[in-house]
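Here the structure is laid out as C-alpha coordinates; the discussion comes afterwards.
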Amino acid sequence: MIQLKTMLNCIDNSGATIVECVANLRMKRHGKVGDRIIVVVQKSRSMGDGGPGATSAAAANKVRRGDIRHAIIVRTAKKYQRKDGMVVRFDDNACALIGKNGEPLGTRINGVVGAELRNKQQSKILSLASMHV
Amino acid sequence: MASSAPILRPLSCWKALLRQSRQQKMCIRCMATAQTPVKKLRPPPPLPSSFPSPYKLTHKGHEPAKKIKTYPPPPSARNKFPTPLVDWTAQHLKDIDPTGSRTRLFAKDNKDAPQPGDILLVTFKTGDPFSGVCLSIRRRGVDTGILLRNRLMMTGVEMWVKIYSPNVTAIEVVKRAEKRARRARLYYMRKPKHDRGSVEGEVEEYLKKRRLIRSGALGIKDPTMSTKRPESSRSGVKAR
(Lines give C-alpha, C1' and ligand atoms only; values in the text may rest on other atoms or scores of the structure.)
Protein backbone atom coordinates (compact mmCIF):
# COMPACT_ATOMS: atom_id res chain seq x y z
CA MET A 1 0.00 0.00 0.00
CA ILE A 2 2.27 2.73 -1.26
CA GLN A 3 0.76 6.16 -0.98
CA LEU A 4 1.71 9.72 -0.21
CA LYS A 5 4.50 9.93 2.39
CA THR A 6 5.35 6.22 2.29
CA MET A 7 9.07 5.68 2.78
CA LEU A 8 10.58 3.02 0.56
CA ASN A 9 13.94 1.39 0.30
CA CYS A 10 15.60 1.93 -3.02
CA ILE A 11 17.31 -1.31 -3.91
CA ASP A 12 19.09 -0.43 -7.13
CA ASN A 13 22.56 1.04 -7.49
CA SER A 14 21.35 4.45 -8.65
CA GLY A 15 22.63 5.99 -5.43
CA ALA A 16 19.42 6.57 -3.54
CA THR A 17 18.81 4.44 -0.46
CA ILE A 18 15.61 5.78 1.03
CA VAL A 19 12.91 7.58 -0.96
CA GLU A 20 9.53 8.97 -0.13
CA CYS A 21 6.47 8.51 -2.29
CA VAL A 22 4.79 11.76 -3.34
CA ALA A 23 2.35 10.57 -5.99
CA ASN A 24 0.98 7.45 -7.62
CA LEU A 25 0.86 7.80 -11.35
CA ARG A 26 -2.31 7.14 -13.35
CA MET A 27 -4.37 5.68 -10.55
CA LYS A 28 -6.51 6.65 -7.63
CA ARG A 29 -5.70 3.69 -5.44
CA HIS A 30 -2.61 2.87 -3.41
CA GLY A 31 0.46 1.55 -5.17
CA LYS A 32 1.16 -2.16 -5.62
CA VAL A 33 4.05 -4.11 -7.05
CA GLY A 34 4.78 -2.97 -10.59
CA ASP A 35 3.13 0.43 -10.23
CA ARG A 36 4.90 3.60 -11.23
CA ILE A 37 5.22 6.28 -8.59
CA ILE A 38 6.95 9.63 -8.11
CA VAL A 39 9.41 9.78 -5.26
CA VAL A 40 11.64 12.23 -3.49
CA VAL A 41 15.09 10.99 -2.61
CA GLN A 42 15.52 11.31 1.14
CA LYS A 43 18.84 9.62 1.61
CA SER A 44 21.50 8.85 -0.92
CA ARG A 45 24.71 6.95 -0.89
CA SER A 46 27.84 9.02 -1.26
CA MET A 47 29.25 8.18 -4.66
CA GLY A 48 32.23 9.32 -6.61
CA ASP A 49 34.78 8.01 -4.10
CA GLY A 50 36.25 6.01 -6.95
CA GLY A 51 34.80 2.84 -5.49
CA PRO A 52 34.10 -0.16 -7.69
CA GLY A 53 30.34 0.47 -7.62
CA ALA A 54 30.66 3.97 -9.03
CA THR A 55 30.64 3.42 -12.75
CA SER A 56 30.83 6.38 -15.05
CA ALA A 57 27.23 6.03 -16.20
CA ALA A 58 26.01 5.90 -12.63
CA ALA A 59 28.12 8.90 -11.74
CA ALA A 60 26.57 10.85 -14.61
CA ASN A 61 23.09 9.95 -13.41
CA LYS A 62 23.97 10.71 -9.85
CA VAL A 63 20.95 10.91 -7.63
CA ARG A 64 21.08 13.50 -4.90
CA ARG A 65 19.02 14.06 -1.84
CA GLY A 66 15.91 16.07 -2.70
CA ASP A 67 15.69 14.87 -6.28
CA ILE A 68 12.28 14.06 -7.68
CA ARG A 69 12.33 10.83 -9.64
CA HIS A 70 10.05 8.19 -11.02
CA ALA A 71 10.22 4.71 -9.56
CA ILE A 72 8.70 1.27 -9.87
CA ILE A 73 7.48 -0.53 -6.78
CA VAL A 74 9.11 -3.93 -6.50
CA ARG A 75 8.15 -5.09 -2.99
CA THR A 76 5.28 -4.31 -0.65
CA ALA A 77 4.73 -5.21 2.95
CA LYS A 78 1.03 -5.45 2.19
CA LYS A 79 0.23 -8.95 1.03
CA TYR A 80 -1.12 -9.41 -2.45
CA GLN A 81 -2.92 -12.39 -3.86
CA ARG A 82 -2.16 -13.96 -7.19
CA LYS A 83 -4.57 -15.54 -9.59
CA ASP A 84 -3.64 -19.04 -8.44
CA GLY A 85 -4.46 -18.30 -4.81
CA MET A 86 -0.92 -17.74 -3.57
CA VAL A 87 -0.46 -14.75 -1.32
CA VAL A 88 2.91 -13.03 -1.07
CA ARG A 89 4.16 -10.38 1.28
CA PHE A 90 7.57 -8.97 2.00
CA ASP A 91 8.94 -7.45 5.14
CA ASP A 92 9.53 -4.02 3.60
CA ASN A 93 8.48 -1.67 0.84
CA ALA A 94 11.04 -1.22 -1.89
CA CYS A 95 11.34 0.36 -5.29
CA ALA A 96 13.77 0.89 -8.15
CA LEU A 97 14.30 4.29 -9.74
CA ILE A 98 13.56 4.75 -13.42
CA GLY A 99 14.07 7.55 -15.86
CA LYS A 100 11.31 9.47 -17.59
CA ASN A 101 11.46 7.01 -20.49
CA GLY A 102 10.89 4.05 -18.19
CA GLU A 103 14.42 2.66 -18.28
CA PRO A 104 15.88 1.82 -14.87
CA LEU A 105 18.49 4.30 -13.62
CA GLY A 106 20.61 1.71 -11.92
CA THR A 107 22.40 -1.16 -13.53
CA ARG A 108 21.89 -3.69 -10.77
CA ILE A 109 19.13 -4.52 -8.35
CA ASN A 110 20.13 -6.05 -5.09
CA GLY A 111 17.37 -8.02 -3.55
CA VAL A 112 14.28 -10.01 -4.24
CA VAL A 113 11.44 -8.48 -6.25
CA GLY A 114 7.87 -9.50 -6.88
CA ALA A 115 7.13 -11.52 -9.99
CA GLU A 116 4.16 -9.25 -10.74
CA LEU A 117 6.57 -6.99 -12.60
CA ARG A 118 6.31 -9.31 -15.58
CA ASN A 119 2.60 -8.69 -15.95
CA LYS A 120 3.18 -4.97 -15.68
CA GLN A 121 5.66 -4.83 -18.57
CA GLN A 122 8.60 -4.23 -16.26
CA SER A 123 10.68 -7.16 -17.43
CA LYS A 124 13.77 -5.02 -17.56
CA ILE A 125 13.76 -4.60 -13.80
CA LEU A 126 12.82 -8.25 -13.36
CA SER A 127 15.80 -9.37 -15.38
CA LEU A 128 18.12 -7.01 -13.50
CA ALA A 129 16.96 -8.41 -10.17
CA SER A 130 18.92 -11.29 -8.80
CA MET A 131 15.84 -13.07 -7.49
CA HIS A 132 12.11 -12.85 -7.88
CA VAL A 133 9.30 -14.45 -5.93
CA MET B 1 -67.23 4.10 80.84
CA ALA B 2 -67.19 7.77 81.65
CA SER B 3 -66.00 8.29 85.17
CA SER B 4 -66.03 11.11 87.61
CA ALA B 5 -62.74 12.29 86.27
CA PRO B 6 -64.32 14.91 83.99
CA ILE B 7 -65.19 16.98 86.96
CA LEU B 8 -61.60 17.25 87.96
CA ARG B 9 -60.12 17.21 84.50
CA PRO B 10 -62.62 18.64 82.02
CA LEU B 11 -60.76 17.58 78.90
CA SER B 12 -60.29 13.96 79.95
CA CYS B 13 -63.71 13.03 78.61
CA TRP B 14 -62.23 13.42 75.11
CA LYS B 15 -59.99 10.46 75.70
CA ALA B 16 -62.93 8.17 76.44
CA LEU B 17 -64.91 9.54 73.53
CA LEU B 18 -62.11 9.03 71.07
CA ARG B 19 -61.53 5.49 72.26
CA GLN B 20 -65.18 4.73 71.77
CA SER B 21 -65.28 6.16 68.31
CA ARG B 22 -62.12 4.24 67.33
CA GLN B 23 -63.73 1.01 68.38
CA GLN B 24 -66.80 1.83 66.39
CA LYS B 25 -64.71 2.66 63.36
CA MET B 26 -62.96 -0.69 63.58
CA CYS B 27 -66.33 -2.40 63.64
CA ILE B 28 -67.44 -0.50 60.56
CA ARG B 29 -64.23 -1.38 58.73
CA CYS B 30 -64.66 -5.06 59.43
CA MET B 31 -68.17 -4.94 58.13
CA ALA B 32 -67.08 -3.14 55.00
CA THR B 33 -64.39 -5.66 54.14
CA ALA B 34 -66.73 -8.64 54.38
CA GLN B 35 -67.05 -10.04 50.84
CA THR B 36 -70.40 -10.03 49.21
CA PRO B 37 -71.04 -12.56 46.43
CA VAL B 38 -70.73 -11.02 42.98
CA LYS B 39 -73.68 -11.45 40.79
CA LYS B 40 -72.70 -12.95 37.46
CA LEU B 41 -73.71 -10.97 34.43
CA ARG B 42 -75.46 -12.71 31.65
CA PRO B 43 -75.19 -11.79 27.98
CA PRO B 44 -78.07 -9.72 26.78
CA PRO B 45 -80.84 -11.60 25.04
CA PRO B 46 -80.70 -11.54 21.24
CA LEU B 47 -82.35 -8.67 19.59
CA PRO B 48 -85.68 -9.27 17.99
CA SER B 49 -85.61 -9.69 14.22
CA SER B 50 -87.02 -6.25 13.78
CA PHE B 51 -83.57 -4.91 14.79
CA PRO B 52 -81.14 -6.51 12.35
CA SER B 53 -77.57 -6.75 13.65
CA PRO B 54 -74.98 -4.75 11.69
CA TYR B 55 -72.55 -7.69 11.97
CA LYS B 56 -74.77 -10.04 10.10
CA LEU B 57 -74.75 -7.81 7.04
CA THR B 58 -70.95 -7.77 6.60
CA HIS B 59 -69.69 -10.85 8.35
CA LYS B 60 -71.97 -13.48 6.85
CA GLY B 61 -71.47 -15.51 9.96
CA HIS B 62 -74.49 -17.57 9.12
CA GLU B 63 -72.96 -18.87 5.83
CA PRO B 64 -70.53 -21.82 5.86
CA ALA B 65 -66.83 -20.83 5.33
CA LYS B 66 -65.57 -21.05 1.77
CA LYS B 67 -63.14 -23.91 1.16
CA ILE B 68 -59.66 -22.62 0.28
CA LYS B 69 -57.66 -24.72 -2.14
CA THR B 70 -54.35 -25.87 -0.67
CA TYR B 71 -51.38 -27.28 -2.53
CA PRO B 72 -48.76 -29.75 -1.23
CA PRO B 73 -45.30 -28.22 -0.61
CA PRO B 74 -42.68 -28.77 -3.29
CA PRO B 75 -40.29 -31.68 -2.66
CA SER B 76 -37.56 -30.54 -0.26
CA ALA B 77 -33.93 -30.80 -1.35
CA ARG B 78 -32.93 -30.97 2.27
CA ASN B 79 -34.14 -34.55 2.59
CA LYS B 80 -32.15 -35.55 -0.45
CA PHE B 81 -28.93 -33.74 0.61
CA PRO B 82 -28.84 -33.31 4.37
CA THR B 83 -25.29 -31.87 4.36
CA PRO B 84 -24.83 -30.07 1.07
CA LEU B 85 -21.63 -28.21 1.93
CA VAL B 86 -19.87 -31.31 3.24
CA ASP B 87 -20.90 -33.28 0.17
CA TRP B 88 -19.80 -30.53 -2.14
CA THR B 89 -16.42 -30.25 -0.42
CA ALA B 90 -15.89 -33.99 -0.59
CA GLN B 91 -16.80 -34.04 -4.26
CA HIS B 92 -14.52 -31.12 -5.00
CA LEU B 93 -11.65 -32.69 -3.09
CA LYS B 94 -12.12 -35.91 -5.03
CA ASP B 95 -11.81 -33.95 -8.24
CA ILE B 96 -8.71 -31.96 -7.35
CA ASP B 97 -6.99 -34.64 -5.26
CA PRO B 98 -7.95 -38.02 -6.73
CA THR B 99 -5.36 -40.03 -4.80
CA GLY B 100 -6.12 -38.27 -1.53
CA SER B 101 -2.42 -37.84 -0.78
CA ARG B 102 -2.64 -34.13 -0.09
CA THR B 103 -5.61 -34.59 2.19
CA ARG B 104 -3.77 -37.32 4.07
CA LEU B 105 -0.60 -35.27 4.32
CA PHE B 106 -2.38 -32.50 6.19
CA ALA B 107 -4.94 -34.64 7.99
CA LYS B 108 -5.24 -33.85 11.66
CA ASP B 109 -4.93 -37.49 12.68
CA ASN B 110 -1.74 -37.93 10.68
CA LYS B 111 1.08 -38.06 13.20
CA ASP B 112 3.61 -37.23 10.49
CA ALA B 113 1.71 -34.24 9.19
CA PRO B 114 3.72 -31.03 8.91
CA GLN B 115 3.24 -28.77 11.87
CA PRO B 116 3.93 -25.10 12.50
CA GLY B 117 7.63 -24.66 13.03
CA ASP B 118 8.67 -27.28 10.47
CA ILE B 119 10.68 -26.28 7.43
CA LEU B 120 8.79 -27.14 4.26
CA LEU B 121 9.78 -27.12 0.62
CA VAL B 122 7.10 -26.55 -2.00
CA THR B 123 7.81 -27.14 -5.67
CA PHE B 124 5.63 -25.68 -8.37
CA LYS B 125 4.78 -26.66 -11.88
CA THR B 126 5.87 -23.21 -13.00
CA GLY B 127 8.40 -21.11 -11.19
CA ASP B 128 11.06 -21.77 -8.62
CA PRO B 129 10.49 -23.90 -5.54
CA PHE B 130 9.85 -22.03 -2.33
CA SER B 131 10.96 -23.15 1.09
CA GLY B 132 10.43 -21.69 4.49
CA VAL B 133 9.35 -22.15 8.06
CA CYS B 134 5.70 -23.05 8.32
CA LEU B 135 4.07 -20.34 10.41
CA SER B 136 0.52 -21.60 10.26
CA ILE B 137 -1.71 -24.16 8.61
CA ARG B 138 -5.18 -23.03 7.65
CA ARG B 139 -7.48 -26.00 7.22
CA ARG B 140 -10.54 -24.96 5.21
CA GLY B 141 -11.41 -27.87 2.94
CA VAL B 142 -10.41 -27.08 -0.62
CA ASP B 143 -9.03 -23.74 0.50
CA THR B 144 -6.46 -25.31 2.84
CA GLY B 145 -3.20 -23.43 2.78
CA ILE B 146 0.14 -23.15 4.54
CA LEU B 147 2.05 -19.99 5.35
CA LEU B 148 5.77 -20.23 4.72
CA ARG B 149 8.34 -17.66 5.77
CA ASN B 150 11.87 -17.37 4.57
CA ARG B 151 14.55 -14.75 4.27
CA LEU B 152 15.69 -14.17 0.71
CA MET B 153 18.58 -11.77 0.16
CA MET B 154 18.14 -10.07 3.53
CA THR B 155 14.42 -9.60 3.00
CA GLY B 156 11.76 -11.56 4.79
CA VAL B 157 9.29 -13.13 2.36
CA GLU B 158 6.06 -14.83 3.31
CA MET B 159 3.92 -16.91 1.04
CA TRP B 160 0.57 -18.59 1.45
CA VAL B 161 0.47 -21.75 -0.61
CA LYS B 162 -2.78 -23.57 -1.30
CA ILE B 163 -2.01 -27.25 -0.93
CA TYR B 164 -4.65 -28.33 -3.46
CA SER B 165 -3.42 -25.92 -6.10
CA PRO B 166 -2.73 -27.72 -9.38
CA ASN B 167 0.39 -25.57 -9.62
CA VAL B 168 1.84 -27.27 -6.54
CA THR B 169 3.60 -30.49 -7.46
CA ALA B 170 5.16 -31.46 -4.14
CA ILE B 171 5.27 -30.44 -0.50
CA GLU B 172 8.23 -31.89 1.34
CA VAL B 173 9.22 -31.72 4.97
CA VAL B 174 12.82 -30.59 5.02
CA LYS B 175 13.29 -30.46 8.75
CA ARG B 176 11.08 -30.98 11.73
CA ALA B 177 10.99 -28.53 14.57
CA GLU B 178 13.06 -29.83 17.47
CA LYS B 179 10.27 -29.09 19.89
CA ARG B 180 6.59 -28.94 19.15
CA ALA B 181 5.57 -25.32 18.86
CA ARG B 182 3.22 -24.35 21.64
CA ARG B 183 1.28 -22.06 19.36
CA ALA B 184 -0.75 -22.84 16.26
CA ARG B 185 0.21 -19.55 14.62
CA LEU B 186 3.86 -18.57 14.89
CA TYR B 187 3.44 -14.97 13.83
CA TYR B 188 5.93 -13.95 16.49
CA MET B 189 8.60 -15.24 14.13
CA ARG B 190 8.18 -12.04 12.14
CA LYS B 191 9.81 -10.16 14.96
CA PRO B 192 13.57 -9.79 14.65
CA LYS B 193 14.08 -11.40 18.04
CA HIS B 194 12.48 -14.69 16.98
CA ASP B 195 13.20 -14.67 13.26
CA ARG B 196 14.62 -17.95 12.01
CA GLY B 197 16.40 -16.17 9.17
CA SER B 198 17.21 -17.98 5.99
CA VAL B 199 16.52 -21.70 5.76
CA GLU B 200 18.53 -22.12 2.59
CA GLY B 201 21.27 -24.02 4.41
CA GLU B 202 18.89 -26.66 5.72
CA VAL B 203 17.19 -26.99 2.36
CA GLU B 204 20.53 -27.39 0.61
CA GLU B 205 21.48 -30.14 3.04
CA TYR B 206 18.15 -31.86 2.55
CA LEU B 207 18.41 -31.76 -1.22
CA LYS B 208 21.93 -33.13 -1.10
CA LYS B 209 20.78 -35.98 1.10
CA ARG B 210 17.81 -36.65 -1.13
CA ARG B 211 20.01 -36.79 -4.18
CA LEU B 212 22.29 -39.29 -2.48
CA ILE B 213 19.40 -41.49 -1.41
CA ARG B 214 17.74 -41.41 -4.79
CA SER B 215 20.98 -42.44 -6.45
CA GLY B 216 21.00 -45.45 -4.12
CA ALA B 217 24.36 -44.65 -2.58
CA LEU B 218 23.11 -45.00 0.99
CA GLY B 219 21.03 -48.11 0.38
CA ILE B 220 17.84 -46.58 1.78
CA LYS B 221 14.54 -46.82 0.00
CA ASP B 222 13.20 -43.51 -1.17
CA PRO B 223 9.73 -43.22 0.40
CA THR B 224 11.06 -43.60 3.92
CA MET B 225 13.77 -41.00 3.59
CA SER B 226 11.61 -38.15 4.56
CA THR B 227 12.24 -36.80 7.99
CA LYS B 228 9.93 -38.27 10.53
CA ARG B 229 8.80 -37.65 14.02
CA PRO B 230 10.98 -39.68 16.38
CA GLU B 231 8.17 -41.46 18.17
CA SER B 232 6.32 -42.37 15.00
CA SER B 233 7.15 -45.01 12.46
CA ARG B 234 4.67 -44.12 9.78
CA SER B 235 5.73 -43.27 6.29
CA GLY B 236 4.35 -41.34 3.38
CA VAL B 237 5.12 -37.82 4.38
CA LYS B 238 5.71 -36.66 0.89
CA ALA B 239 2.86 -35.79 -1.39
CA ARG B 240 3.48 -36.20 -5.04
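What's counted below: heavy atoms across the whole structure, side chains too, no hydrogens, waters or symmetry copies. Lettering of chains follows the sequences in order, A, B, ..., and the numbering in each one begins at 1.
Only the side chain of B:Phe124 has a heavy atom closer than 4.5 Å to any heavy atom of chain A.
For the side-chain hydrogen bond (donor to acceptor under 3.5 Å, both in side chains) condition, the pairs that include at least one residue of residues 122-133 of chain A, sequence neighbours left out, are A:Glu103-A:Lys124.
Inter-residue side-chain proximity for A:Val88 and B:Glu158 is flagged as unmet; no heavy-atom pair is nearer than 4.5 Å. Under the 4.5 Å side-chain criterion, counting only non-hydrogen atoms from C-beta, A:Met86 is in contact with B:Met159.
To the nearest 0.5 Å, the span separating CE on B:Met153 from CD1 on A:Ile11 amounts to 8.5 Å.
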Run the salt bridge (charged side-chain N to carboxylate O under 4.0 Å, His left out) test on A:Asp91 and B:Arg149 for me, step by step, so that the C-alpha distance in whole Å, both residues' side-chain angles and the decisive distance to 0.1 Å come before the verdict. CA-CA 10 Å; A:Asp91 274 3; B:Arg149 180 184 170 83; 2.7 Å; yes
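For A:Arg65, the CZ atom is loosely surrounded, since the number of other residues' heavy atoms within 6.0 Å does not exceed 12. For CD1 of A:Ile68, the number of neighbouring non-hydrogen atoms (other residues, nucleotides, ligands) closer than 6.0 Å is 12 at most. Heavy-atom contacts from other residues, nucleotides or ligands closer than 6.0 Å to CD of B:Glu200 number more than 12. No more than 12 heavy atoms of other residues, nucleotides or ligands lie within 6.0 Å of CE in B:Met154, so this atom counts as exposed by the packing criterion. Within 6.0 Å of CZ in A:Arg82 there are more than 12 heavy atoms belonging to other residues, nucleotides or ligands.
Across all their heavy atoms, A:Val112 and B:Leu152 have their closest contact at CG1-O, 3.7 Å.
Between chain A and the residues B:Asp128, B:Val157, B:Leu147, B:Val161, the largest count of heavy-atom pairs under 4.5 Å involves B:Val157.
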